[in-house]
Trainee: 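Provided herewith is a single structure, encoded as structure tokens, for subsequent inquiry.
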Amino acid sequence: MFKKILIANRGEIAVRIIKACQEMDITAVAVYSDADRSSLHVQTADEAVYVGAAPAKESYLNIDRIIQAGKDTGSEAIHPGYGFLAENAEFVQRCEQENIVFIGPNSKAMKLVGDKIRSRQTMEKAGIPIIPGMKSALKDISKYKSEAEKIGYPVMIKASAGGGGKGMRIVYKEADLKPALEAGKREAKAAFGNDSVYLEKYIEEPRHIEFQVLADNFGNTVHIFERECSIQRRHQKIVEESPSPALETELREKMGAIARKVINVTGYNNAGTVEFLLDKDKKFYFLEVNARLQVEHPVTELISGIDLVHQQIEIAAGQKLAFKQKELQQKGHAIECRIYAEDPTNNFLPSPGKILFLKEPAGPGVRHDCGIHSDCDVPVYYDPILAKLIVWAADRDKACRRMKKALDDYVVLGIKTNIGFLKDVIAHPLFKAGKTTTDFIKDNLPDWHPPEKPQSLKELALAVAAFNSQDTNKQRRGYEAEPKETFSPWNKLGKWSIGGGK
Ligand code: MV4
């Protein structure tokens, strides 16, 4: 087993991975930029190396600096987390050349799954269901007209190098095809430096269902069931859960078997995710492979009892999978809410700044994967995810109730967050019924605004005074207890917040 691992990331995922290393008696090395000198991941790690200026390109995306930090600290392996260099095949190749183990797939498999057109071809050959459409990109825009006719409208334009919704366009009729292709190509060029696009049949109101897979370096693979990730806005997931309310045992087994096959035919190893779209008739189609540990991995951990980061490290160290598919079981129900520093009153734009106070929810079945602390700064430079709140309970209804309570108990003061929005997603009757599709937010909570006006200072002062005089303990005890400490309203923060909360 490794003695030392460098974690090439920041925020909640770096903290998550550092803790796994420490549990395994592995020294965890953090890296940090100018903006993260006092961040939680740096405080949590055993060692920390400065890697550059605040902009990600100069620090967390700087391959030379990260590799050098690995060498300088004698790290035997690098865990990339998600984002930054996690799916950068060039970085994986550099690690391979420098004899540092990359905790993730080999560079060849990563390249293959990163190319949508090539992976569509690979899947079709292997008999894996793909969305009807083109299997190669064409040079001449005029040739796409007949392709669209063959597929049948509506069609979707996708970037060959794509992912994440960039360059994607829905086209309902022929007259719109050419301008949409031109716009899609421009966007793909800007995002990926490659303007190659292709057409697929547009699947209406699908569910996004993904399967967690593990593959060791000896050809053994398992899937660890699915995650339902349909609740998202502008291609950013917000709420994820496992199991999916849409799958029965038979369909789950079919999709799981296909997910393992996808891993086999791509020569993939370590942890990965196979994404599917599920249409209204419950037909499923392969979408893409995510070659990384995902943000939403905790829901899988809670229903399976498997620590995915431990598994990743063991696989990377050359160990064989210690369990077989038939030994795996789903137990209970898990839901994750992503906590973002964003302003719901301003089009959900990032809302960085200083966190004055944080109260983390806790209790049975409540997990909080967190990258922040009271009095820390949320920099403008990176993804605005602050933390993830994950709950487990015996069934979906109990998990929803547990999530509601945990969100009520969650307090972040100083910056704006999406917590109020999340409460309304969880409380929505269609969510409660498990009727979640990728259009859920757009159709049901399109112009969400905080339900209450921000309170005035006077109202706040009155609220504090009211809390003070209504001390339930005092009432129960029936006498005035001596105050042990100076009164602090923070001790009483429960279902309460400044502005925006309910
Ligand atoms: C689609 C689709 C409908 N039909 N492809 C969005 C991200 C990219 N990885 C694939 N995506 C989609 N591809 C066809 N042929 C709908 C989506 C889609 C989506 C997929 C997963 C999760 C959220 C989504 C939100 C909007 C659209």
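Start at 1 and go down the list; that is how both ligands and their atoms are numbered. Nothing fancy with the numbering, it's 1 onward along the sequence. No hydrogens, no waters, no symmetry mates; every other heavy atom, side chains included, goes into these values.
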Trainee: Any ring pair (Phe, Tyr, Trp, His ring centres under 6.0 Å) involving residues 277-304? Give me the pairs, sequence neighbours left out, ordered by first then second residue.
Mentor: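 Applying ring pair (Phe, Tyr, Trp, His ring centres under 6.0 Å) to every pair that reaches into residues 277-304, excluding sequence neighbours, yields Phe276-Phe284.
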Trainee: Between Phe192 and Glu187, is any pair of side-chain heavy atoms under 4.5 Å apart?
Mentor: no
Trainee: I'd like the atom pairs linking ligand 1 to the protein - N or O on both sides, separation under 3.5 Å - with distances to 0.1 Å.
Mentor:
| residue | atom | partner | partner atom | Å |
| --- | --- | --- | --- | --- |
| ligand 1 | 4 (N) | Ile203 | N | 2.9 |
| ligand 1 | 5 (N) | Lys158 | NZ | 2.8 |
| ligand 1 | 9 (N) | Glu288 | OE1 | 2.9 |
| ligand 1 | 13 (N) | Lys158 | NZ | 3.0 |
| ligand 1 | 15 (N) | Glu200 | OE1 | 2.9 |
| ligand 1 | 15 (N) | Lys201 | O | 2.7 |

Trainee: Any side-chain heavy-atom pair from Glu336 and Leu302 closer than 4.5 angstrom?
Mentor: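 Side-chain contact under 4.5 Å: no.
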Trainee: What residues form a side chain to side chain contact (heavy atoms under 4.5 Å, CB included) with Lys237, not counting sequence neighbours?
Mentor: His208, Glu210, Cys229, Gln232, Glu240, Glu275, Gln294, Glu296, Arg338
Trainee: Can you tell me which residue pairs pass the side chain to side chain donor-acceptor pair (under 3.5 Å) test with a partner in residues 108-123, sequence neighbours excluded?
Mentor: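 Those involving residues 108-123 are Arg120-Glu200.
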Trainee: So, Lys135 and Glu124, do they make that salt bridge, N to O below 4.0 Å?
Mentor: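 Glu124 and Lys135: salt-bridged.
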